[in-house]
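Only this structure's heavy atoms are used, side chains among them; waters, hydrogens and symmetry mates stay out. Chain letters run A, B, ... following the sequence lines, proteins first, then strands; residues in each count from 1.
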Protein chains: 2
Amino acid sequence: MAADAGAGEEAGVDVTSPRERYRAQVRSDIKARAWDQIARSGATGLSLNAIAKELGMSGPALYRYFGSRDELITELIRDAYRSLADTFRAAAESGAGLEGLAQALRRWALDDPQRYFLVYGTPVPGYHAPDDITAIAREIMGALLDVCASAGLEAPAPASASFTAHLSQHRQWAEGHPAPPGVLRKALAFWTRMHGVLSLELAGHFTGMGFGPERLFDAEVAELTPGR
Amino acid sequence: MAADAGAGEEAGVDVTSPRERYRAQVRSDIKARAWDQIARSGATGLSLNAIAKELGMSGPALYRYFGSRDELITELIRDAYRSLADTFRAAAESGAGLEGLAQALRRWALDDPQRYFLVYGTPVPGYHAPDDITAIAREIMGALLDVCASAGLEAPAPASASFTAHLSQHRQWAEGHPAPPGVLRKALAFWTRMHGVLSLELAGHFTGMGFGPERLFDAEVAELTPGR
DNA sequence: CATGTTAGTTATAGCTTCTAACGCAAGCGA
DNA sequence: TCGCTTGCGTTAGAAGCTATAACTAACATG
């Protein structure tokens with residue numbers, strides 16, 4: 001719709017050809033519909049045919065943009081990881097600490113539960129994520145480690161001394177991060193506990209139990225942030 | 001396996017007719033194949049046609065035994081809940097305490113990860129479990145509450161005092177269980193934390209990180225059982 | 001023995017993913 | 001401005017799925 005195209009290669013601000021821009025637009029439309037469908041009926045109920053029909057084009061046209069159904073889903077998973085990594089980075093740089101990170105995570109999860117489950121939900125037995133996605137996963141762990149490292153650790157729990165010692169020699173996942181074992185332990189505790197409460201809440205296992213899920217979440221966060 | 005059938009309606013030990021026994025046998029065969037498929041490719045990859053072919057009968061014959069694919073899956077979910085409830089009851093009655101319950105849960109989960117995810121995995125947005133399944137879920141919570149109540153609670157964590165107070169007035173999920181709020185808090189902590197570490201392990205999120213998942217699990221259990 | 005129930009069959013509708021072959025039109029270089 | 005190429009979208013169709021309908025054959029029971 002914008003009409004200021006056609007300048008040469010000069011300036012180099014917009015190197016995308018009209019074809020490329022159109023293609024990117026359609027791809028983005030497809031993904032938007034896919035997210036709608038996933039939010040409505042889960043990744044299982046995602047239908048390429050239905051998406052194509054919604055976009056006014058007929059079935060196989062969609063294969064010009066995504067090689068297969070799995071390829072589209074993988075792309076959505078990648079975007080979900082990317083979105084979570086950005087959320088973590090932003091929370092880490094905001095200086096809000098572990099508490100802030102936890103609240104950012106919960107907001108991100110509640111914003112689209114199925115997106116959360118695309119990252120941390122039931123795995124497909126055969127599936128192996130491509131390398132760039134595991135790289136984003138490491139980026140997420142990196143942000144978490146940063147926050148844990150700068151948060152300090154007053155009494156990270158005495159009973160896990162043995163495991164903390166184990167971590168001091170099995171820390172290749174930290175990838176050269178200079179955090180001491182106690183910080184690694186804390187990052188793992190944060191990850192597993194936040195996931196524990198969040199995934200059960202998102203899956204609806206707390207509905208009808210009476211208590212407020214956000215209170216449980218906050219209580220769990222409070223135990224992980226003893227200082228404040 | 002017992003062969004004492006054929007007497008009349010008298011005695012009433014075995015009221016199953018040969019037809020009923022055959023039907024039960026075929027139903028059980030179908031479910032066995034279904035579990036195989038789920039373990040191999042997840043609940044999504046379950047194909048009634050493939051099961052029928054494996055059993056040497058043609059497609060629609062299977063609908064004599066299960067009304068639909070969803071009905072079969074629901075039955076598998078019910079069996080999974082039943083199996084977990086039995087495991088919990090046995091562990092509770094063995095007197096092994098929270099530690100024993102945790103280890104029993106982990107063994108049950110590792111024995112068939114996809115069965116675990118049938119209970120605690122990604123939910124299908126539209127799906128609502130039938131009442132008898134939610135009843136089994138309450139039975140599971142009951143066993144957990146029993147163990148938590150008899151385990152006593154030395155220092156269940158100070159920071160969650162506010163949430164524990166909240167629980168004292170929002171405890172309809174305990175269904176008349178006489179446990180004090182501190183025990184309810186402990187049961188919730190056990191549930192969410194065990195699920196946190198277990199589900200991440202089962203989903204493979206710890207692979208390649210270097211540490212031993214069982215060490216992390218044991219450390220988490222150790223923090224929940226301060227006494228021993 | 002007659003009758004009703006039930007397990008299995010094939011045929012079919014309608015959905016899905018995905019491939020193949022074709023037409024058309026938009027963009028690119030000369 | 002004129003081809004030529006590239007790529008988008010189409011229809012046709014194969015192979016798979018769930019599920020229904022109609023029918024047959026075997027079984028159980030009166």
Evaluate I77(A) against V119(A) for side chain to side chain contact (heavy atoms under 4.5 Å, CB included), listing each step before the verdict.
CA-CA 7 Å; I77(A) 293 176; V119(A) 172; 5.5 Å; no
Under the criterion side chain to side chain contact (heavy atoms under 4.5 Å, CB included), I'd like the reasoning laid out for L145(A) against F190(A): C-alpha separation, chi angles, the key distance, then a yes or no.
CA-CA 10 Å; L145(A) 280 172; F190(A) 180 90; over 6 Å; no
If you apply the rule side chain to side chain contact (heavy atoms under 4.5 Å, CB included), what do you find for L105(A) with F88(A), and how did you get there?
CA-CA 7 Å; L105(A) 171 62; F88(A) 261 43; 4.0 Å; yes
Does Y120(B) form a side chain to side chain contact (heavy atoms under 4.5 Å, CB included) with L84(B)? I'd like the steps, not just the answer.
CA-CA 11 Å; Y120(B) 290 122; L84(B) 179 55; 3.9 Å; yes
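Looking at every heavy atom in both residues, M209(A) comes nearest to Q172(B) through O-CG, 3.6 Å. Among all heavy-atom pairs drawn from L72(B) and A34(B), the shortest one is CD2-CB, 4.3 Å.
Y65(A) comes within 4.0 angstrom of the backbone, heavy atoms only, and of no base.
Using a 4.0 Å cut-off on heavy atoms, none of the residues of residues 22-43 of chain A approach DNA chain C. Looking at residues 44-55 of chain A, you'll see L46(A), S47(A), L48(A), N49(A) sit with a heavy atom under 4.0 Å from some atom of DNA chain C. Of the residues in residues 71-80 of chain A, none lies under 4.0 Å from DNA chain C by heavy-atom distance.
Applying the salt bridge (charged side-chain N to carboxylate O under 4.0 Å, His left out) test to pairs two or more places apart or on separate chains, none has a residue in residues 34-49 of chain B. Within the structure, salt bridge (charged side-chain N to carboxylate O under 4.0 Å, His left out) pairs that include any residue of residues 80-93 of chain A comprise R82(A)-D86(A), R82(A)-E139(A), R89(A)-D146(A) (at least two apart or interchain). The stretch residues 104-132 of chain A participates, sequence neighbours left out, in these salt bridge (charged side-chain N to carboxylate O under 4.0 Å, His left out) pairs: R78(A)-D132(A), R106(A)-E201(A), D111(A)-R115(A).
Phosphate contact (OP1/OP2 of dG8(C), side-chain N/O of S58(B), threshold under 4.0 Å): absent.
Here the side chain of H166(B) pairs no donor or acceptor atom with the backbone of F211(A) at under 3.5 angstrom.
Between T74(B) and Y127(B), the side chains place a donor N or O and an acceptor N or O closer than 3.5 Å (distance only, hydrogens not considered).
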Please tabulate, one pair per line, all N/O donor-acceptor pairs under 3.5 Å involving side-chain atoms of residues 56-68 of chain A, not counting sequence neighbours.
from   : atom 1 : to     : atom 2 : distance (Å)
S68(A) : OG     : D70(A) : N      : 3.4
S68(A) : OG     : E71(A) : N      : 3.2

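An end-to-end axis angle of 10° holds for the helix from dC1(C)-dG30(D) to dA30(C)-dT1(D), taken from five base pairs per end and rounded to 10°.
Using bins of under 30°, 30° to 60° and over 60° for the plane-to-plane angle, the ring pair W191(A)/H205(B) lands in the perpendicular bin. Below 30°, between 30° and 60°, or above 60°: for H195(B) and Y116(B) the angle between ring planes is below 30°, a parallel geometry.
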For nucleotides 19-30 of chain C, give me one character per nucleotide, 5' to 3': B if any protein heavy atom sits under 4.0 Å from the base, S if the only such contacts are to the sugar-phosphate, - if neither.
B-B----BSS--
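With sequence neighbours excluded, the residues forming a side chain to side chain contact (heavy atoms under 4.5 Å, CB included) with A91(B) are L101(B), A104(B), listed by chain and number. Qualifying side-chain hydrogen bond (donor to acceptor under 3.5 Å, both in side chains) partners for T44(A), counting only residues two or more places apart in sequence or in other chains: T44(B).
Of all nucleotides in DNA chain D, those with any atom nearer than 4.0 Å to a heavy atom of chain B start and finish, going 5' to 3', at dC17(D) to dA28(D).
Taking CZ of R69(A) as the reference point, atom CD1 of I51(A) lies at 9.0 Å (rounded to 0.5 Å). Between the CD atom in E214(B) and the CZ atom in F163(A) there is a gap of 9.0 Å [rounded to 0.5 Å].
Atom CG of L62(B) and atom C1' of dA7(C) are 12 Å apart (whole Å).
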